[in-house]
**Q** 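I have a structure I would like to understand better, so I am pasting it below and will then ask my questions one at a time.
Atoms within a ligand are numbered from 1 in the order they appear, just like the ligands themselves.
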Amino acid sequence: MTEALIVVDVQNDFCPGGALAVNDGHLIIPLVNTMISDADLVIFSQDWHPLDHSSFSANHIGKNAFEQIDMHYGPQTLWPTHCVQGSRGAEFHADINLNAADVIIRKGMNKDIDSYSAFYENDQTTPTGLTGLLKEKNVSSVKFVGLALDFCVAFSALDAVKHDFDVSVVMDACKAIDNQGSLDSAITRMRNAGVQLI
Ligand code: VGL
Ligand code: ZN
């Protein structure tokens with residue numbers, strides 16, 4: 001059986017200088033590159049939004065970034081405009097070993113639904129196809145690294161547990177946004193779900 005390394009959203013907009021920068025986001029890159037060179041199967045996720053995406057505060061009159069709104073699928077945090085398809089901010093950081101990626105999964109393309117997880121959009125039902133890919137490749141365990149720990153990494157890890165993969169998150173190879181307690185809450189949810197935090 002195979003272990004997959006899932007490298008979540010190591011994109012310019014989540015690194016210092018980017019539109020939704022995660023503090024010290026780029027500092028994980030050397031460790032992630034080492035892990036990539038040791039992995040059987042390497043999957044990158046890429047946040048990839050249209051400019052009119054409903055998670056952008058700019059698309060809601062009178063709303064600011066980091067406010068919550070109610071979407072048809074539940075509460076949604078509004079974000080600064082980030083990872084717009086084809087923009088420099090949406091590109092992978094220049095130092096990550098992109099050449100070693102076996103597969104790149106894009107997410108967040110549907111303007112009406114945000115997608116933190118690399119498995120499902122935030123409605124929890126629209127799949128990206130990643131589960132099928134992992135099953136077909138005989139993957140039994142998945143290890144997550146990347147940005148941001150409290151959003152896309154955590155949501156992806158929680159979905160992976162639901163599909164009975166053996167799931168771990170390498171904490172030193174992640175950085176968090178940590179907005180309004182989001183990091184503590186993500187850690188608690190992952191622990192309770194059986195994600196190994198290593
Ligand atoms: C992410 C917020 C919005 C992430 C993506 O990669 O963690 N967070 N879009
Ligand atoms: Zn996004």
**Q** Can you tell me how far apart OG (Ser87) and CH2 (Trp48) are? Round to the nearest 0.5 Å.
**A**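 Those atoms lie 7.0 Å apart.
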**Q** Should His82 be listed as contacting ligand 1, given a heavy-atom distance under 4.0 Å as the test?
**A**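 Yes, that is the case, since the closest heavy atom of the residue is under 4.0 Å from the ligand.
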**Q** Identify the protein heavy atom lying closest to atom 4 (C) of ligand 1, giving its residue, its atom name and the separation to 0.1 Å.
**A**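 Looking at atom 4 (C) of ligand 1, the protein heavy atom closest to it is Cys152 SG, 2.7 Å.
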**Q** Assess whether salt bridge (Lys or Arg N to Asp or Glu O under 4.0 Å) is satisfied between Glu121 and Lys107, documenting all intermediate values.
**A** CA-CA 8 Å; Glu121 299 190 6; Lys107 61 188 179 63; over 6 Å; no
**Q** Could you tell me whether the Zn ion (ligand 2) has an N, O or S atom of Asp47 under 2.8 Å away?
**A**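 Given the 2.8 Å cut-off, Asp47 counts as a ligand of the Zn ion (ligand 2).
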**Q** Does the separation of the ring centres of Phe14 and His93 fall below 6.0 angstrom?
**A**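 No, too far apart.
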**Q** Are Ser182 and Asn179 close enough that a side-chain donor and a side-chain acceptor fall under 3.5 Å?
**A**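 Not at all, the side chains of Ser182 and Asn179 share no donor-acceptor pair under 3.5 Å.
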**Q** For Phe66 and Trp79, take the angle between the two ring planes, folded into 0 to 90°, and tell me which bin it lands in: parallel under 30, tilted 30 to 60, perpendicular over 60.
**A**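 Because their plane-to-plane angle is over 60°, the rings of Phe66 and Trp79 count as perpendicular.
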**Q** Just by distance, with hydrogens left out, do Asp24 and His26 show a side-chain donor and acceptor under 3.5 Å apart?
**A**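 Side chains of Asp24 and His26: no pair found under 3.5 Å.
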**Q** Nearest to atom 2 (C) of ligand 1, what protein heavy atom do you find, and at what distance?
**A**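 Protein heavy atom with the smallest distance to atom 2 (C) of ligand 1: Trp79 CE2, 3.4 Å.
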**Q** Any N/O/S atom, side chain or main chain, of His49 closer to the Zn ion (ligand 2) than 2.8 Å?
**A**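 Within the cut-off used here (under 2.8 Å), His49 does place an N, O or S atom near the Zn ion (ligand 2).
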**Q** In the protein, what heavy atom is nearest to atom 5 (C) of ligand 1, and what distance, to one decimal place, separates them?
**A**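 The protein heavy atom lying closest is Asp47 OD2, 3.1 Å.
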**Q** Using heavy atoms and a threshold below 4.0 Å, how should the contact between Leu147 and ligand 1 be classified: side chain, backbone, both, or neither?
**A**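 Looking at Leu147 and ligand 1, just backbone atoms fall under 4.0 Å.
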**Q** With distance as the sole criterion, is a donor-acceptor pair present between the side chains of Asp166 and Ser141 under 3.5 Å?
**A**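 No.
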**Q** Which atoms of ligand 1 sit under 4.0 Å from any heavy atom of Ala148?
**A**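 Per the distance check, 4 (C), 6 (O), 7 (O).
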**Q** Please name the atom of His82, limited to N, O or S, that comes nearest to the Zn ion (ligand 2).
**A**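 Of all N, O or S atoms in His82, the Zn ion (ligand 2) lies closest to NE2.
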**Q** Among all protein non-hydrogen atoms, which one is nearest to atom 8 (N) of ligand 1, and what is the separation to 0.1 Å?
**A**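 The answer is Phe151 CB, 3.9 Å.
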**Q** Provide, to 0.1 Å, the distance between atom 6 (O) of ligand 1 and the closest protein heavy atom, together with that atom's residue and name.
**A**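 Among all protein heavy atoms, the one nearest atom 6 (O) of ligand 1 is Asp9 OD2, 2.6 Å.
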**Q** Apply side-chain contact (heavy atoms from CB on, under 4.5 Å) to Gln85 and Leu51, showing your working.
**A** CA-CA 8 Å; Gln85 296 172 359; Leu51 191 55; over 6 Å; no
